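For reference, the structure is listed below as structure tokens.
For clarity, every value in this text was computed on a predicted model and none was experimentally measured. Along the sequence shown, the residues carry numbers beginning at 1.
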Amino acid sequence: MTIESSIPIGHGYGSSTADVIASIRAVAASARVALRQSTVARLAVAAEGASDAIAYCDQALLFAHREGRTIEHFGGEFPPFLVVGFRDGSARPIDTLGMRRARYDSEEIGVFRVLRGLACRSIRQQDPRLLGRVATISARISQRYLPKAAFNTVLDIARGHDACGVQVAHSGTLIGILLDAAAPRPAMRAVELATQLRGAGFTDVHTFGLNAETRVIQ
């Protein structure tokens, strides 16, 4: 098997999981074996110790990344978003294998329980702003364990563009600003946001849709 990838390593793009999942699927295809998504996820965790939920494609679910199992299916698809993703040009790649695990305290665990319920509600009600708030609170907690130097600047920019919220890679340098794809002029708003981010010195700025029916103007 030959593995080729252009995904940057150590920034939160899911480079290692993408390689592992692709390898598992390629081997299964060569053996003419159909694997369940749950089996692919468990094999990925067995191979690298942790995995995100790429095996489940775009399903909305809560996934135990070190156990390879689904904790909860949220029972629907994601609300429509345009996501402007980027990273701080000065941020160095993260060694995920050597990264110290987050040890959340009882207060944070309590917050996560509330966020879990709100995430479920946002999926069922197709409420992008509620899910954006969930993402922002989660990102604030992540600041205590893997801080992003420009996080407060990003929050200010997001508020200035009436964004739904901010998301971060919990084991990388990536940041994303979430826009409601059902709001007026979503594509143009994404372009204006991306332009400001580039002007502020952020790099690898790119825009993509998540369950969105809109044309993104680059």
Side-chain angles (χ1 to χ4, degrees), residues 11-14 16-17 21 36-42 44-46 48-83 85 94 96-97 99-152 154-156 158-159 162-182 210-212:
H11 289 289
Y13 288 96
S16 60
T17 301
I21 296 293
R36 297 180 62 189
Q37 292 173 317
S38 58
T39 300
V40 174
R42 287 198 302 270
V45 170
E48 63 173 343
S51 173
D52 56 35
I54 289 178
Y56 291 90
C57 300
D58 58 355
Q59 295 183 41
L61 50 84
L62 181 62
F63 185 72
H65 70 290
R66 293 190 181 277
E67 301 173 20
R69 65 181 180 88
T70 299
I71 298 173
E72 180 179 0
H73 281 276
F74 289 134
E77 57 189 9
F78 287 101
F81 284 112
L82 285 186
V83 184
I94 304 298
T96 53
L97 294 178
M99 179 181 171
R100 185 177 181 181
R101 296 187 186 184
R103 299 296 183 185
Y104 301 109
D105 60 30
S106 58
E107 180 179 350
E108 291 167 334
I109 292 172
V111 172
F112 282 135
R113 290 195 183 101
V114 174
L115 294 182
R116 177 176 173 178
L118 293 177
C120 183
R121 181 188 300 176
S122 71
I123 297 296
R124 293 180 179 177
Q125 296 181 355
Q126 289 294 284
D127 187 339
R129 291 201 170 273
L130 179 56
L131 192 56
R133 289 196 291 272
V134 169
T136 303
I137 295 171
S138 178
R140 289 184 183 276
I141 293 176
S142 179
Q143 278 295 98
R144 304 177 192 175
Y145 301 95
L146 187 62
K148 309 294 189 287
F151 184 70
N152 289 332
V154 172
L155 289 178
D156 289 340
R159 281 191 287 265
D162 193 29
C164 298
V166 173
Q167 66 178 68
V168 301
H170 289 248
S171 60
T173 65
L174 283 177
I175 306 173
I177 295 179
L178 308 174
L179 298 174
D180 181 358
L210 175 61
N211 201 28

When V83, D162, L82 are each screened for side-chain contact (heavy atoms from CB on, under 4.5 Å) with L179, the one that passes is L82
Can you measure from CG (L131) to OG (S122) and round to the nearest 0.5 angstrom? 4.0 Å
Can you tell me how far CG of L130 sits from CG of L115, rounded to the nearest 0.5 angstrom? 9.5 Å
Testing the basics here: between [X] and [Y], what is the closest heavy-atom pair and its distance to 0.1 Å?
X	Y	result
P79	N211	O-CB, 4.2 Å
A135	Q167	CB-CB, 4.3 Å
F81	G132	CZ-N, 4.4 Å
S171	L146	CA-CD2, 3.8 Å
R42	G68	CG-O, 3.4 Å

For the residue pair [X] and [Y], establish whether any side-chain heavy-atom pair is separated by less than 4.5 Å.
X	Y	answer
V45	E67	no
P80	L210	no
Y104	V111	no

Should the heavy atoms of other residues, nucleotides or ligands under 6.0 Å from CZ of R144 be counted, would the total exceed 12? yes
Taken in chain and number order and not counting sequence neighbours, the residues that satisfy side chain to side chain contact (heavy atoms under 4.5 Å, CB included) with A169 are L174
Please name all residues satisfying side chain to side chain contact (heavy atoms under 4.5 Å, CB included) with R159, sequence neighbours left out, ordered by chain then number. R140, L155, D156
Kindly list each side-chain donor-acceptor pair under 3.5 angstrom involving residues 51-64, sequence neighbours excluded, with atom names and distances?
residue: D52; atom: OD1; partner: I54; partner atom: N; Å: 3.1
residue: Y56; atom: OH; partner: T70; partner atom: OG1; Å: 3.3
residue: Q59; atom: NE2; partner: Q37; partner atom: OE1; Å: 3.0

Check: Q126 side chain, E77 main-chain N or O, donor-acceptor pair, under 3.5 Å: yes
So among R101, H170, E108, which one has a side chain to side chain donor-acceptor pair (under 3.5 Å) with Y145? E108
Please assess Q143 against K148 for the test side-chain contact (heavy atoms from CB on, under 4.5 Å), listing each intermediate value before the final yes or no. CA-CA 7 Å; Q143 278 295 98; K148 309 294 189 287; 3.5 Å; yes
